[in-house]
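Shown next, in structure tokens, is the structure this report addresses.
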Protein chains: 2
Amino acid sequence: MNIGEAAKLSGVPPKTIRYYESVGLIREASRKTSGYRDYEPKDIEVLRFVVRARSLGFSLKDVCNLLALWNDTHRSSADVKRLAMERIGDIDERIAQLESMRATLSLLVAECHGDERSTCPILDGLSGNPAPHDCRGDEIKENSHGQVHC
Amino acid sequence: MNIGEAAKLSGVPPKTIRYYESVGLIREASRKTSGYRDYEPKDIEVLRFVVRARSLGFSLKDVCNLLALWNDTHRSSADVKRLAMERIGDIDERIAQLESMRATLSLLVAECHGDERSTCPILDGLSGNPAPHDCRGDEIKENSHGQVHC
DNA sequence: CTTGACCTTCCAGTGACTGGAACCCTTATG
DNA sequence: CATAAGGGTTCCAGTCACTGGAAGGTCAAG
């Protein structure tokens, strides 16, 4: 089957499938005489494995390890469990971080009346002191890098 | 003051300060005769504002907007409040996503005995069906892009 | 005078894609 | 048979927010 159908069946866009192949996550697909990649059902299962692991937050490197373990009938499940538990640790850390951000933002938002007046507890909170400022970031010029638009 | 001291006082690394300047987030620093950038206390406050906003998860674009609002003495606090509330929405979404990942991973980990046996409920869960597989990702070759190492 | 710490610019790489250009293959229709 | 639509192919560039490194200029101390 063509890459487009493989994409539909697996949920991985064609570009991404090619990308996964290019970085060696999945093996090179066989080709038809036309040069088109040709996929079989088992390739779809690999892609589905990848998409599930990615949706659980595993990095491509992790997924690569998981695929190797999946393919290794002699592997021990302990390795897999370790990877999964590391992931849970990362997730817990990230959640804690986000909750701390959320709490701070909520506090600031609660203090802000949100009307047309120019005093703003949120900006004051961000500035770290209550005095207003007049340093302007005007005259933004062209630059080699992409500009931050605002 | 030199960029190094500005970095220490603000908590933003020299490289990052130059980067912020290059993308137009902060204005171009004045220069000494040597060509070195020269910072004043008010620049440090801008950098501290940026670092606080970044730590709350605002993107550089958001920070750019916040700086503009901060500098605009005629602005309304409603704009700031809106930005902050959007951020809270994003954070809530991300937290929900992470908690769903966490729950799935916890389930899988709980089912996995994590010993030397080769059956692994985590891999089975990722594969979406309980049958074992033999598709090997061998013969990973050199490539123009960076390879995923495993 | 030399050392070492600091500064300068510029280019490249990160992760995990995604968009686009320029071109080839297949199939259906006028 | 020409052609147009809708696949596919490759390669290059861009995203975000930095970060590392090379190659070189400046400065203060010993």
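Letters go in sequence order (proteins before strands), and every chain restarts at 1. The model shown is predicted, which means the values in this text are computed figures rather than measured ones.
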- D:dT15 P sits how many Å from B:Lys61 NZ, rounded? 12 Å
- Item | B:Phe49: which of B:Phe58, B:Trp70, B:Tyr20 passes ring pair (Phe, Tyr, Trp, His ring centres under 6.0 Å) | B:Trp70
- Taking CZ from B:Phe58 and P from D:dA17, how many angstroms apart are they, rounded to a whole number? 13 Å
- Task: Determine: side-chain N/O of B:Thr16 to OP1/OP2 of D:dT19, distance under 4.0 Å, yes or no.
- Result: yes
- Rounded to whole angstrom units, what separation is found between the CG atom of B:Asp38 and the C1' atom of C:dT8? 15 Å
- Could you pull out the closest heavy-atom pair between A:Ala84 and B:Val109, with the gap in Å? CB-CG2, 3.5 Å
- Task: May I ask you to verify if any side-chain N or O of A:Arg37 is less than 4.0 angstrom from the OP1 or OP2 atom of D:dT9?
- Result: yes
- Note on the structure: Among the nucleotides C:dC17, D:dA17, C:dC7, whichever has the atom closest to the side chain of B:Asn2 is C:dC7
- Message: If the cut-off is 4.0 Å, is A:Ser59 near the phosphate of C:dG15, judged by side-chain N/O to OP1 or OP2?
- Response: no
- Item | Closest non-hydrogen atom pair, A:Ser10 against A:Ile17 | OG-CD1, 4.4 Å
- Task: Verify the contact: side-chain N or O of B:Tyr19 to OP1 or OP2 of D:dC16, cut-off strictly under 4.0 Å; return yes or no.
- Result: no
- Query: For C:dC7, does OP1 or OP2 lie under 4.0 Å from any side-chain N or O of B:Arg31?
  - Reply: no
- Query: What nucleic acid atoms does B:Arg18 come within less than 4.0 Å of, heavy atoms only: base, sugar-phosphate, or nothing?
  - Reply: base
- Rounded off to whole Å, could you give me the CD-to-P distance for the A:Glu5 and C:dT27 pair? 14 Å
- Item | Where B:Ile91 and A:Leu98 come nearest, the two heavy atoms and their spacing | CG2-O, 3.6 Å
- Item | Side-chain donor/acceptor contact of B:Tyr36 with base of C:dC6 under 3.5 Å | yes
- Query: Hey, any chance A:Tyr36 and A:Leu47 share a hydrophobic cluster, counting ILVMFWY side chains that come within less than 4.5 Å of each other, even indirectly?
  - Reply: no
- Task: Rounded off to whole Å, could you give me the CD1-to-C1' distance for the A:Ile17 and C:dC17 pair?
- Result: 13 Å
- Measure from NZ on A:Lys32 to P on D:dG7 and round the result to the nearest Å. 13 Å
- Nearest listed nucleotide, side chain of B:Arg54, among D:dG8, D:dT19, D:dC18: D:dC18
- Message: On DNA chain C, compare the nucleotides closest to B:Lys15 and B:Lys8; which residue's is nearer the 5' end?
- Response: B:Lys8
